[in-house]
Amino acid sequence: MRDGQFKLAIPKLPNEVVLDPYPHLVVNNFLPKALYQKLAEHYPSDASIIGKTKSRSNERRQISAAALLRDGEVTMEWNSFIEFFVSQGWWEAVLRVFTEAIRKEHSLIESTVGKPLGEFSVGVRGLDKADLVLDCQPGINTPALKRSTVRGPHVDNPVELFGGLLYFRLPEDDSEGGDLLLYKHRKSNPLFWGKAELREKDVEVVKRVPYASNTLVLFVNSINAVHGVSPRMKTKHSRRLINIIGEVYEGGGLFNLPRDRSYLGRVQNRWYQYRYGW
């Protein structure tokens with residue numbers, strides 16, 4: 001399909017963008033109840049998401065929209081849902097609420113791409129070449145064998161223009177933790193290590209978004225868009241979430257990440273590469 005003509009009812013995003021600590025929206029009960037239930041009932045299984053490789057405790061795994069659309073092993077509702085979030089229609093929905101914030105956070109983006117935001121070509125990440133490539137990735141954090149966080153404070157890839165998470169918490173999941181934490185920098189010159197990580201002492205929690213069914217979090221990515229996940233207690237349940245992103249490759253990245261070159265930073269980089277393969 002991929003033309004934005006979504007066959008199932010998706011509500012409009014609210015216009016009230018929250019600016020603290022960076023531009024974002026939190027929408028409770030985002031999807032209509034009937035649609036959410038249909039999607040939840042047929043959420044991709046842990047086995048299909050993990051695949052044949054061995055998984056670790058409390059590890060992030062996900063499937064790309066390109067793989068799901070190519071393989072076609074999803075229900076009609078899931079197929080239409082995924083197609084919407086990689087369509088021109090979704091980009092237009094994002095622009096209706098985030099245009100001003102995007103221009104403020106990334107003042108050179110339109111001159112770098114060579115056209116206004118509303119004229120960006122849109123494609124599917126991993127399938128198309130376009131000014132903006134979109135992805136909609138059903139995923140999980142695997143069961144936690146002990147108290148741990150899947151990822152501490154960090155920012156997303158500098159090519160990512162906006163990011164979003166839609167939670168599909170299992171009804172029987174009575175575990176504690178797994179909330180999304182929004183941070184602000186304590187320092188004016190933050191230094192990153194690992195993939196794009198920050199030390200807890202260098203950031204401050206500003207907002208906590210509970211890991212709750214049918215909750216959408218959407219934000220403009222930037223060097224200030226620091227977020228992480230609160231520790232999960234030991235649990236047999238997976239933390240189910242959909243990763244919704246838009247990336248711009250023109251220019252090689254929307255911002256730079258100053259790296260921590262100290263001895264401690266180098267040690268942490270080695271540990272991170274060993275732990276995550278990054």
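Numbers for residues simply follow the sequence, beginning at 1.
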Any side-chain to backbone donor/acceptor pair from [X] onto [Y]? Under 3.5 Å, distance only.
X	Y	value
Ser64	Gln137	no
Asp135	Ala65	yes
Arg208	Leu181	no
Trp193	Arg266	no
Ser175	Met233	no
Asn221	Asn157	yes
Arg61	Ile50	yes
Ser57	Ala144	no
Asn58	Ser148	yes

Task: Verdict with supporting geometry, Leu134 and Phe85, side chain to side chain contact (heavy atoms under 4.5 Å, CB included) - done: CA-CA 7 Å; Leu134 305 174; Phe85 283 102; over 6 Å; no
Determine whether [X] and [Y] make a side-chain contact, defined as any pair of heavy atoms from C-beta on separated by less than 4.5 Å.
X	Y	answer
Asn189	Pro258	no
Phe168	Leu166	yes
Val220	Lys104	no
Ile244	Trp90	yes
Asp174	His237	yes
Leu117	Phe98	no
Ile109	Phe120	yes
Val27	Pro14	yes

Task: Members sharing Val26's hydrophobic cluster (side chains within less than 4.5 Å) - done: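 Once heavy-atom contacts under 4.5 Å are chained together, Val26 belongs with Tyr22, Leu165, Tyr167, Leu180, Leu182, Val209, Tyr211, Val217, Phe219, Leu241.
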Task: Other cluster members, Leu170 - Ile/Leu/Val/Met/Phe/Trp/Tyr, side-chain contacts below 4.5 Å - done: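 The other cluster members (ILVMFWY side chains, heavy atoms under 4.5 Å, direct or chained): none.
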How long is the gap from [atom1] on [X] to [atom2] on [Y], to the nearest 0.5 Å?
X	Y	atom1	atom2	answer
Glu197	Asp202	CD	CG	13.0 Å
Leu31	Ser213	CG	OG	11.0 Å
Leu35	Ser80	CG	OG	9.5 Å
Asn79	Glu83	CG	CD	4.5 Å
His185	Glu204	NE2	CD	12.5 Å
Gln62	Cys136	CD	SG	10.5 Å

What are the two closest non-hydrogen atoms of [X] and [Y], and how far apart are they?
X	Y	answer
Phe162	Leu218	CD1-CD1, 4.1 Å
Ser222	Glu105	OG-OE1, 3.2 Å
Leu257	Lys195	CD1-O, 4.1 Å
Pro190	Leu198	CB-CD2, 4.0 Å
Asp46	Ser238	OD2-OG, 2.6 Å
Thr142	Arg56	OG1-O, 2.6 Å

Open item on the list: Tell me whether the rings of His227 and His154 are parallel (<30°), tilted (30 to 60°) or perpendicular (>60°).
Closed with: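 Because their plane-to-plane angle lies in the 30° to 60° range, the rings of His227 and His154 count as tilted.
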If Ile, Leu, Val, Met, Phe, Trp and Tyr residues are connected whenever their side-chain heavy atoms lie under 4.5 Å apart, and connections chain through other members, are [X] and [Y] in the same group?
X	Y	answer
Ile223	Leu19	yes
Leu132	Ile245	no
Leu69	Val122	yes
Phe84	Ile242	yes
Val113	Leu161	yes

Task: Other residues, nucleotides, ligands: >12 heavy atoms within 6.0 Å of Lys207 NZ - done: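 Yes, NZ of Lys207 has more than 12 neighbouring heavy atoms, counting only those of other groups under 6.0 Å.
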Open item on the list: For the CD atom on Glu176, are there more than 12 heavy atoms of other groups (residues, nucleotides or ligands in this structure) within a distance under 6.0 Å?
Closed with: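 No - once you tally the heavy atoms of other residues, nucleotides and ligands closer than 6.0 Å, there are 12 at most.
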Open item on the list: Working note: Leu25 + Phe30, criterion side chain to side chain contact (heavy atoms under 4.5 Å, CB included); need CA distance, chi angles, decisive distance, verdict.
Closed with: CA-CA 11 Å; Leu25 291 173; Phe30 174 62; over 6 Å; no
Open item on the list: For Arg232 and Val150: C-alpha separation, side-chain torsions, deciding distance, then whether side chain to side chain contact (heavy atoms under 4.5 Å, CB included) applies.
Closed with: CA-CA 8 Å; Arg232 299 169 67 203; Val150 66; 5.6 Å; no
TODO: Begin from the C-alpha positions of Asp173 and Arg240 and carry the test side chain to side chain contact (heavy atoms under 4.5 Å, CB included) through to its verdict.
DONE: CA-CA 10 Å; Asp173 184 356; Arg240 304 196 308 185; over 6 Å; no
TODO: Enumerate the residue pairs fulfilling side-chain hydrogen bond (donor to acceptor under 3.5 Å, both in side chains) with a member in residues 112-121, sequence neighbours excluded, ordered by first and then second residue.
DONE: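 Sorted pair list: Lys115-Asp131, Ser121-Asp131.
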Task: side-chain hydrogen bond (donor to acceptor under 3.5 Å, both in side chains): pairs with one or both residues in residues 252-261, sequence neighbours excluded - done: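 Checked against side-chain hydrogen bond (donor to acceptor under 3.5 Å, both in side chains) - neighbours excluded - the pairs reaching residues 252-261 are Arg199-Asp260, Asp260-Ser262.
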Open item on the list: Under the rule for salt bridge (Lys or Arg N to Asp or Glu O under 4.0 Å), what residues qualify as partners of Glu247, not counting sequence neighbours?
Closed with: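 With neighbours one apart ignored, the set is Arg125.
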Open item on the list: Which residues pass the salt bridge (Lys or Arg N to Asp or Glu O under 4.0 Å) test with Glu100, not counting sequence neighbours?
Closed with: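 In terms of salt bridge (Lys or Arg N to Asp or Glu O under 4.0 Å), with neighbours along the sequence ignored, Glu100 is linked to no residue.
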